Amino acid sequence: MARGGRKTPRQGGPSRSKPPQIVGIGASAGGVRPLQVFFENLPEDLGLSYVVILHLAPDVRSELPSILSARTAMPVTTVDGVTELEPDHVYVISPDRSLRISDHHIESAPFDQPVGKRSAIDTFFSSLAAAQADGFAVLLSGAGSDGALGVKAVKEAGGIVLVQDPREAEHPSMPNAAIGAGMVDIVLPVAELARRLSELARSQAAQISAKLGKSDEELRAANEELQSINEEYRSTSEELETSKEQLQSVNEELQTVNNELKLKLEGVSRANSDLQNLMAATDVGSLFLDPALRIRRFTPRLTDLFNITASDEGRPITDFTHQLDYDGLTADATAVLRNLTPIEREVQTRTHSWYLMRLRPYRTIDDRIDGVVATFVDITERRRVNQALLDSEARVRQETRLVELAHTPIFVWDLDSGAVVQWNRGSEELYGYSREHAIGQRKNLLLKTSVPGSSFEAVSAVLAQNGRWSGELLQRARDGRELTVESAIELVEMDGRRFVMESIRDITERKVWERRQEMMVSELSHRVKNTLAVVQSFVAQSLRGAQSPEEFTERFEGRLAALAKAHKLLVDPWKGADVEALVREQLAAYAGPAAERLTARGDAMSLPADVAVPLGLVLHELATNAVKYGAWSSPKGRVELTWTRSERHGKPILTVTWRELDGPLVSKPQRTGFGSRLISKGLPHSRVRSEFLSEGVAYTIEIEVPEGMPA
Amino acid sequence: MSWTVHCAATPTLAGLRVLVVDDEAVIALEIEFILTEAGAAVAGPAVMVEEALDLLRDGTAISAAVLDVRLGGESIETVAEALFDRQIPFVFYSGQVETDSTLRRWPRATLVSKPAPSRVLTEAIRQAVDACPFSGESADQIDSPAPAP
């Protein structure tokens with residue numbers, strides 16, 4: 001006890017005539033610490049009597065006096081029975097007792113009320129108010145509202161009420177109740193309260209000190225008495241200090257443990273709530289089985305698969321039917337318990353849903369195996385998507401393969417770099433570049449592409465605007481062939497790159513045919529005009545020698561028919577006319593049914609139009625001459641017609657011999673008419689020799705058949 | 001209906017010697033007849049290019065020419081050039097249309113389209129001869145061939 005030692009209070013002292021001013025101090029839960037602080041900060045010589053009312057456990061011996069003795073030099077006494085109050089003394093309430101003041105005494109008495117309804121502070125403060133008009137009431141930390149009525153009484157009697165600042169109090173409800181009642185003079189932290197009390201007491205004491213007489217004798221006696229009491233308390237205090245400290249540390253430990261437990265309990269409770277919510281919220285069917293495969297717990301979704309309810313917990317899972325197309329749960333769960341390795345299966349339900357089932361051992365926190373956890377995740381959609389993906393991949397592979405194998409040239413190139421990225425079989429066939437060769441090459445350089453009548457810039461502009469273009473291109477194959485193609489291209493953006501898909505139709509041959517057709521049309525026009533000119537000539541020539549319209553008509557129609565017959569054999573201008581067919585056509589009408597009038601034979605030979613038509617006309621003129629003047633003008637006359645094929649300087653030569661026999665005597669005509677001129681000059685590249693023999697006229701016509709024509 | 005042959009008063013080509021080149025013998029004979037009727041002498045008719053060139057080379061004086069454009073597979077081109085070299089005027093008598101490449105090379109030579117009335121042909125020859133009296137001194141006035149394409 002550090003602060004002991006003073007034998008006598010310096011000022012004031014017990015006075016028989018005037019009882020000391022009383023300071024009632026009320027405290028409850030959290031009150032011990034403020035009491036210590038209060039007395040630590042309180043001078044010991046204020047001449048006041050301090051009565052401490054603390055709610056104490058009824059059946060435990062209070063250590064409060066010793067605790068307070070450690071903080072003040074003033075004697076601290078537990079009030080038991082009736083005690084006379086002395087200044088600068090501290091009186092402490094006994095457990096399970098109430099305290100009252102009557103006159104100069106303080107009296108301890110059993111409670112009238114049962115535990116829980118006791119209000120020791122109110123009781124004491126009320127008695128204080130009744131006994132002294134100038135008492136002090138101090139109210140410190142505590143739960144409940146004990147003291148609120150008491151301070152009111154003290155205040156009303158004229159005393160002063162001091163209350164610990166609730167913000168400092170461990171349990172502020174007692175101070176708050178008093179403040180709430182509106183009967184409080186001073187609200188301060190405890191240390192300040194003590195100082196304020198001492199100021200109040202000293203100023204009051206100064207007023208009354210003059211009145212106080214002091215008896216040294218009395219003081220001395222009292223002093224000795226006090227000293228002996230002090231000695232007594234000191235020894236007690238020494239003893240109690242130890243146990244107090246011990247108790248305090250135990251208390252602190254207990255508090256710590258308590259707090260920890262509270263936290264743990266909260267944690268457990270939270271974990272339990274979390275678990276409940278998780279089980280309820282999860283979309284995964286989960287089943288917890290004990291080692292005997294009895295149901296321990298399950299999530300609501302599990303009831304989609306197993307016909308179980310909450311009341312089935314504890315029953316073996318094997319007792320229940322389920323929707324799964326799978327009967328191995330018992331065997332698998334047993335295997336998991338035995339091998340401690342998880343098992344995964346994709347199982348189908350009878351309603352064609354698919355679940356991923358996982359069985360794994362249930363491990364406790366201390367790593368004990370205590371059953372099996374089965375989870376069921378609905379993977380119907382995932383499987384469907386997966387299947388769809390596989391199908392679509394297969395389709396893409398098929399389509400890609402089709403494009404690769406197609407004979408239509410199709411290729412893909414990068415619009416920005418120009419590089420070929422795809423090249424199918426059709427492209428290989430058309431251009432002669434293999435896939436390996438073409439890929440990576442710049443398409444326009446590889447194919448030496450040009451756009452007839454336009455430019456790449458124009459094509460690019462259309463492509464950028466419409467996303468597609470089609471038209472004619474000129475390209476070159478690997479072997480140098482120039483190709484005319486019809487290209488259809490489409491722009492496709494993929495991963496930020498612009499690809500051009502190009503499909504090609506080779507129209508080179510079509511173009512050749514188109515040109516040939518143009519030529520044929522022009523040739524046809526030429527021939528028609530030429531033929532008309534020939535007809536015009538027939539008209540003029542036939543008219544010139546004619547004596548009558550009938551003669552004109554006869555000549556003209558004969559020539560026109562000869563021309564038509566010659567052309568008849570030339571329906572296909574690229575095919576020649578056979579000589580024999582030509583002869584038959586031209587001469588059949590003249591020879592008549594009697595075969596002996598005409599003998600015609602020769603080599604098989606085909607003649608081009610340029611030769612066949614004039615030869616037909618020449619034969620016609622020969623025949624009409626024969627009919628008018630020659631062999632066929634007499635009944636016995638006949639004609640021998642022969643033709644042979646030979647070659648001169650590698651060129652085919654047709655030699656036609658027209659020989660008239662057994663006809664009238666002929667002579668060389670005076671004037672050569674159109675017919676004769678036609679015979680001698682009508683055939684290009686030919687030589688005509690005529691002989692007027694006595695038996696009849698003979699012509700030898702030698703024709704050089706142009707090369708490059710069918711012969 | 002009375003049958004009367006009217007011989008129209010054709011422009012006389014008297015004194016001219018005209019080369020006829022046409023591979024269609026019937027037509028060539030007809031041209032020959034028409035020109036003879038108009039008083040001209042005829043060189044040919046030639047049915048081939050080579051034949052025509054031979055007639056030009058043999059020194060016979062020729063005052064004009066009637067040319068078909070195509071002779072079988074051959075083009076009349078070299079004959080036209082030979083005539084130009086000799087400053088002999090010529091007309092084309094052909095079934096070809098004007099867009100023909102040979103005709104385009106000789107834009108100022110008259111094209112008489114087949115078939116044509118005889119008078120049209122003889123007038124064309126007369127005009128060609130009158131417009132271009134090929135005297136050696138006036139070569140500038142004659143049609144010059146367009147540059148070959």
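Note that this is a predicted model, so its numbers are computed, not measured. Proteins come first, then strands; the chains are lettered A, B, ... in the order of their sequence lines, and each starts at number 1.
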- Heavy-atom contact with chain B under 4.5 Å, split by part of Leu617(A): side chain
- When Ser113(B), Ala28(B), Ala116(B) are compared by non-hydrogen pairs under 4.5 Å with chain A, the top option: Ala116(B)
- Message: Please determine whether salt bridge (charged side-chain N to carboxylate O under 4.0 Å, His left out) holds for the pair Glu24(B) and Lys114(B), giving the CA-CA distance in whole Å, both sets of side-chain angles, and the decisive distance to 0.1 Å.
- Response: CA-CA 12 Å; Glu24(B) 191 71 63; Lys114(B) 271 183 190 169; over 6 Å; no
- Item | Atom group of Gln541(A) that falls short of 4.5 Å from chain B, counting heavy atoms | both
- Just wondering, are more than 12 heavy atoms of other shown residues or ligands nearer than 6.0 Å to CD in Gln536(A)? yes
- Provide the closest heavy-atom pair for Thr655(A) versus Thr700(A) in the form atom of the first, atom of the second, distance. CG2-CG2, 4.0 Å
- Query: Do the rings of Phe552(A) and Phe556(A) sit parallel, tilted or perpendicular, given the 30° and 60° boundaries?
  - Reply: parallel
- Query: For Val47(B), is it the side chain, the backbone, both, or neither that has a heavy atom closer than 4.5 Å to a heavy atom of chain A?
  - Reply: side chain
- When the 4.5 angstrom heavy-atom criterion is applied to Glu51(B) and chain A, the contacting part is neither
- Between Glu621(A) and Arg677(A), is the closest basic N to carboxylate O distance under 4.0 Å? no
- What part of Arg559(A) is in contact with chain B, defined as an atom under 4.5 angstrom from a non-hydrogen atom: side chain, backbone, both or neither? neither
